[in-house]
Amino acid sequence: MYLLLIITAICLFFFFLWFAIVSVFEKEKSAAGRAFILALSFPTPYLILALVTFPGSGWLGWFLLGCTLLVLIVLLFPFPGKRIIGNETPRTRYDERQTMFSRDEVRQYDGLQKQFYKENPDKFNLDKQWLDKPGLMDASSTMYSPITFIAADASFHTIEQLRDYVDGDVASIQKVFDPTQLTRFLKAWTKKMGAVSVGVCKMQDTHYYSVRGRGKAYGKEVVTSHKFGIALTVEMDKDWLATGPAGPTLMESARQYLNSGVVAIQIAKFIRELGYEARAHIDGNYEVICPVVARDAGLGEIGRMGLLMTPQLGPRVRIAVVTTNIPLEVTERIPDHTVHDFCAICKKCADVCPSQAVPKTEVGFFDGVQRWQVDHEKCFGYWCTVGTDCGRCMSVCPYSHPDNLLHNLVRWGIKNNWLFRRIALKMDDFFYGRKPKPAKIPAWMKRKRFKENSIPFVHPTT
Ligand code: SF4
Ligand code: SF4
């Protein structure tokens with residue numbers, strides 16, 4: 001028994017020490033400090049009972065070991081709990097003109113804007129809360145910093161240049177490949193190009209917008225011609241995202257929209273060269289609702305904040321999609337209802353959201369789909385005030401921790417056991433805080449390091 005007590009104490013000590021060391025590398029100072037304190041305190045009762053003899057110490061030792069074993073069995077026993085989300089397929093297709101990005105874009109076109117509000121008078125009252133605010137990346141927004149905003153704008157500008165390359169001519173001779181082998185090739189190549197996950201689904205009508213709402217295609221009906229959708233995700237940097245709503249989070253959004261788009265454009269081009277139709281769906285030029293395609297391609301579930309929650313990185317990803325007619329092998333989707341159960345109890349994103357846009361309520365029904373619905377106008381109103389896309393909700397999500405052994409063990413427990421989920425949530429609050437503060441901006445991009453002098457540019461030849 002004494003040996004068992006000492007072994008348990010050593011295991012506990014090294015587990016929490018490991019947690020502390022990992023947290024130091026993750027720049028989570030408070031988690032590191034707390035884990036270190038636990039490394040010293042948790043093993044203490046085991047050591048006392050192993051090394052000090054007093055009346056009843058033997059019984060107490062067995063009792064402590066028994067309790068430890070019982071807790072382990074209860075927490076590790078497979079018990080996923082019940083499903084809380086029913087129907088996931090909407091009754092109708094969504095009109096892209098209803099999205100906040102489209103409603104923001106039509107601000108530049110007085111006629112279109114008037115027409116939109118004439119057809120959607122209910123939206124006008126909702127949009128009043130952001131229409132008079134500075135706007136995304138505006139110099140008068142509260143988080144404006146020239147360095148980070150202009151850097152983000154450079155990435156967004158590059159994506160804009162790529163929007164015309166999402167589609168193109170199809171080679172006149174079709175090459176025929178085994179769908180399984182081709183899918184394997186595409187998945188491996190996509191990951192080599194920087195994606196963290198990739199999957200294939202059969203396209204459904206409701207994956208496509210009904211009408212386009214962005215750019216030159218505004219108002220055009222979307223033709224649902226492609227049979228397959230290849231969804232891919234790229235990782236968003238945790239440290240930059242954690243600074244949200246400050247400028248680096250915007251830089252990271254732009255960078256990963258660009259990276260995911262570049263990968264998707266190459267895949268689409270490759271498939272067209274094989275003689276089949278293919279179109280990339282990238283920032284500002286979508287015909288599909290990416291998170292839903294990605295979910296049905298087996299890449300994750302849609303959580304409380306309405307984003308794709310991936311198994312490795314939670315919502316800390318950007319998505320791009322390629323739709324095509326080339327025969328591919330569909331990725332089997334294994335729905336994971338434990339994500340919804342965790343979201344039902346967690347609500348951390350709702351607690352930190354500065355605009356209270358994330359609901360704290362139970363799942364509701366929207367167009368026949370059981371899900372949570374973010375208040376998009378409130379969220380966008382906050383973006384238009386701060387000038388960035390905020391990202392606080394993504395950053396604090398317990399699923400957003402890095403993809404490493406420590407956090408993957410916790411993710412495994414969350415998926416495996418109903419009680420583990422509840423304890424993991426309390427532990428996440430304990431180690432990382434219920435409402436963690438935004439992280440500091442990296443020194444190399446701090447505003448005060450840059451002295452600004454605005455000098456009008458005069459071309460040398462003039
Ligand atoms: S923060 Fe919590 S409630 Fe929000 S999406 Fe993540 S797990 Fe779900
Ligand atoms: S991005 Fe910010 S404002 Fe929008 S829902 Fe998330 S936390 Fe709230």
Side-chain angles (χ1 to χ4, degrees), residues 81 84-85 99-101 104 126 129-130 133 135-136 141-143 236 238 240-250 252-254 256-257 291 295 300-318 336-364 371-401 407 410-411 413-415 420-429 431-439:
I84 61 164
I85 297 261
T99 63
M100 298 314 301
F101 286 116
D104 184 41
L126 292 171
Q129 56 188 311
W130 58 266
K133 294 200 168 130
L136 265 177
S141 56
T142 57
M143 285 289 159
M236 292 181 75
K238 188 170 176 353
W240 289 23
L241 192 63
T243 65
T249 194
L250 183 69
E252 184 56 7
S253 270
Q256 300 311 343
Y257 274 128
R295 178 199 65 196
E301 298 295 330
I302 309 290
R304 181 179 286 275
M305 56 179 111
L307 301 177
L308 181 78
M309 309 277 286
T310 61
Q312 309 96 327
L313 300 166
R316 200 164 48 82
V317 294
R318 284 282 174 240
D336 181 4
H337 68 262
T338 64
V339 174
H340 304 132
D341 184 42
F342 192 80
C343 278
I345 54 167
C346 169
K347 304 178 188 175
K348 203 163 181 169
C349 49
D351 278 350
V352 299
C353 175
S355 66
Q356 282 98 49
V358 183
K360 290 186 182 177
T361 52
E362 308 278 293
V363 274
R371 63 182 169 89
W372 288 280
Q373 168 97 305
V374 166
D375 186 328
H376 296 290
E377 288 82 10
K378 275 189 184 169
C379 172
F380 198 71
Y382 185 71
W383 291 13
C384 289
T385 306
V386 292
T388 72
D389 56 356
C390 173
R392 289 285 290 140
C393 46
M394 290 163 98
S395 153
V396 302
C397 177
Y399 282 97
S400 284
H401 291 300
H407 296 299
V410 179
R411 287 186 184 106
I414 284 176
K415 194 170 171 171
F420 191 107
R421 273 199 285 288
R422 275 129 188 97
I423 292 175
L425 176 61
K426 295 286 170 217
M427 289 294 102
D428 198 89
D429 290 350
F431 285 112
Y432 304 99
R434 181 69 198 163
K435 292 184 181 179
K437 287 196 182 122

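One-based numbering, in listed order, for ligands and for the atoms of each.
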Go through ligand 2 atom by atom and flag the ones less than 4.0 Å from a non-hydrogen atom of [X].
X    : answer
V358 : 5 (S)
G391 : 1 (S)
W383 : 1 (S), 4 (Fe)
C390 : 1 (S), 2 (Fe), 3 (S), 7 (S)
R392 : 7 (S)

Look at [atom] and say which protein heavy atom is nearest, naming residue and atom and giving the distance to 0.1 Å.
atom                    : result
atom 5 (S) of ligand 1  : M305 CE, 3.3 Å
atom 8 (Fe) of ligand 2 : C353 SG, 2.3 Å
atom 3 (S) of ligand 2  : S355 OG, 3.4 Å
atom 1 (S) of ligand 1  : C349 N, 3.4 Å
atom 2 (Fe) of ligand 1 : C346 SG, 2.3 Å
atom 7 (S) of ligand 1  : F342 CD2, 3.5 Å

- request: Pick out which of R304, K435, K360 makes a salt bridge (Lys or Arg N to Asp or Glu O under 4.0 Å) with D351.
  value: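 In the set R304, K435, K360, the residue that makes a salt bridge (Lys or Arg N to Asp or Glu O under 4.0 Å) with D351 is K360.
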- line: ligand 1 to Y399, heavy atom cutoff 4.0 Å, flagged ligand atoms 7 (S)
field: Those atoms of ligand 1 less than 4.0 Å from some heavy atom in C397
entry: 1 (S), 6 (Fe), 7 (S)
query: Going by the angle between their ring planes, with limits at 30° and 60°, are W383 and F101 parallel, tilted or perpendicular?
result: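 Geometry flag for F101 against W383: tilted rings.
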query: Y432 vs H401 aromatic rings, parallel, tilted or perpendicular, using cut-offs 30° and 60°?
result: tilted
query: Counting backbone and side chain alike, does C379 bring an N/O/S atom below 2.8 Å of atom 4 (Fe) of ligand 2?
result: yes
field: Metal site atom 6 (Fe) of ligand 2: N/O/S of C393 inside 2.8 Å
entry: yes
Quick one: closest heavy-atom pair of [X] and [Y], and the distance?
X    : Y    : result
G81  : H337 : O-NE2, 2.9 Å
R318 : Q256 : CG-CB, 3.6 Å
V358 : C349 : CG1-SG, 3.7 Å
I414 : R421 : O-NH1, 2.6 Å

- request: Under 4.0 Å, heavy atoms only, figure out whether ligand 1 is touched by the backbone of M309, its side chain, both or neither.
  value: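 It is the side chain that touches ligand 1; the backbone stays farther off.
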- request: Taking T249 for its side chain and A246 for its backbone only, find out whether a donor-acceptor pair lies under 3.5 Å.
  value: no
- prompt: Quick one: does K133's side chain have a donor or acceptor within less than 3.5 Å of a partner on Q129's backbone?
  reply: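 Yes: the side chain of K133 pairs with the backbone of Q129.
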task: Look at R411 together with D336 and state whether they make a salt bridge at an N to O cut-off of under 4.0 Å.
output: no
